[in-house]
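Here's the structure, in structure tokens; my notes come after.
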Amino acid sequence: MALPPRPSRHRSAPTLLLVALVAGALACWAVQPAWVQAVAPGLKSLVGPADGLVLGLRGKRSSLAAHGTDQADVAAEQPGRRPFVGSAIAATIASAAGALLAALGGGAAPAARAESEQQQASMSQGDIQKAASGLTDLQRNVLLEAGTERAFTGKTVNGYGWDNKEQGVYVSPISGAPLFSSKAKYDSGTGWPSFWAPVDASSVVERIDPRDKERFPQMFWRVEVLDRASMTHLGHVFDDGPKPTGKRYCINAAALQFQPGTAPDGDPKQATPRKKSIF
């Protein structure tokens, strides 16, 4: 008499997805809210518009959201801190889903140009400090200490909002180098200025974020974007952007100065090639 077949131990994709999300959620509880930058748009293809799930923090913003010299605001944005306790669950789910997507995409470190983490700025430290001396505490924290402004609140150093729709060029407030064109800007739904390419690849540095390498597993590493001349922090770049590049340069408004006027056409060749994924 033939014995009944033994149940298969192969777990279905939905089961693995659920297990990964739960495990990732527990592991990522302490991850800073800046991770919302990394995964919000990517979740749209899985669970619909990210605004409703991940970026529900639009309505949870603290009364300390104003920019300027508010010390509580600056302290909240220090790397490793969590200024949005009320949005921790949403950020955690987003982080877990992002980690899963990264793993399914190969689990390797994100694509970045071959840049040395020890690369030196062409500007002297004295010139950098002098250029930053007139900035607010928040702006200095973002540029010089790799802080992150709160989503949906950012303003450039000369007062243009994160969702500015005027034509012009975004330059470094430290070096003055042209960094991003309004013609390559789009609404990613994240609450940070987003671009699908820089004006000139030679004006920016893209490297694995050294702080992520110190604190997180490889699947959580992000690609940091810096102004090459001053080596000041701008934001991060992700592989979930729109055509023609598939890239999302997620940049802090506080790390930019906007110059209204004629904007150069976006050039897809200036963006880092998108990492291949199974999606």
May I ask you to say whether Arg211 pairs ionically with Asp209, meaning some side-chain N is under 4.0 Å from a carboxylate O?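 Salt bridge between Arg211 and Asp209, a charged N being under 4.0 Å from a carboxylate O: yes.
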
Checking Asn164 now: which residues fulfil side-chain contact (heavy atoms from CB on, under 4.5 Å) with it, not counting sequence neighbours?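 Expected list: Tyr160, Glu166, Tyr170, Phe258.
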
Return the set of residues passing side-chain contact (heavy atoms from CB on, under 4.5 Å) with Ala263 (not counting sequence neighbours), or none when no residue passes.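 Once residues adjacent in sequence are excluded, the partners of Ala263 under the side-chain contact (heavy atoms from CB on, under 4.5 Å) criterion are Gln167, Ser181, Ser182, Lys183.
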
Verify whether the ring centers belonging to Phe152 and Trp162 lie closer than 6.0 Å.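 Ring centres of Trp162 and Phe152 closer than 6.0 Å.
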
Could you tell me the separation between the [atom1] atom of [X] and the [atom2] atom of [Y], rounded to the nearest 0.5 Å?
X	Y	atom1	atom2	answer
Arg248	Tyr186	CZ	OH	6.0 Å
Trp192	Asp187	CH2	CG	13.0 Å
Lys155	Glu149	NZ	CD	11.5 Å
His236	Asp212	NE2	CG	5.5 Å
Thr245	Gln270	OG1	CD	11.5 Å

Taking the side chain as everything from C-beta on, heavy atoms only, tell me whether [X] gets closer than 4.5 Å to [Y].
X	Y	answer
Val205	Arg228	yes
Leu144	Gln129	yes
Ile174	Leu135	yes

Keeping the roles fixed (side chain from [X], backbone from [Y]), state whether a donor-acceptor pair exists under 3.5 Å.
X	Y	answer
Arg140	Ala132	yes
Ser122	Ala229	yes
Ser175	Ser172	no
Asp227	Ser230	yes
Glu224	Arg207	no

Checking side chain to side chain contact (heavy atoms under 4.5 Å, CB included) between Val204 and each of Leu226, Val199, Val237, Val225, which is the one that passes?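 Between Val204 and the candidates, side chain to side chain contact (heavy atoms under 4.5 Å, CB included) is satisfied uniquely by Val225.
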
What residue among Ile251, Val171, Leu234, Asp200 forms side chain to side chain contact (heavy atoms under 4.5 Å, CB included) with Leu179?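 Only one of Ile251, Val171, Leu234, Asp200 forms a side chain to side chain contact (heavy atoms under 4.5 Å, CB included) with Leu179, namely Leu234.
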
Over all heavy atoms of both residues, which pair between [X] and [Y] is shortest? Give the atoms and the distance, please.
X	Y	answer
Glu206	Tyr249	OE2-OH, 2.7 Å
Lys185	Pro193	CE-CB, 4.2 Å
Gly147	Asn252	O-ND2, 3.8 Å
Lys247	Ala271	CG-CB, 4.1 Å

Do the numbers put Lys243 on top of the ring of Trp196, so that NZ or CZ is under 6.0 Å from the six-membered ring centre and no more than 45° off the axis?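 Relative to the ring axis of Trp196, which defines the angle, Lys243 lies outside at least one limit.
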
ILVMFWY cluster, Met123 and Leu256 together (side-chain gap under 4.5 Å):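 In one cluster with Met123: Leu256, no.
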
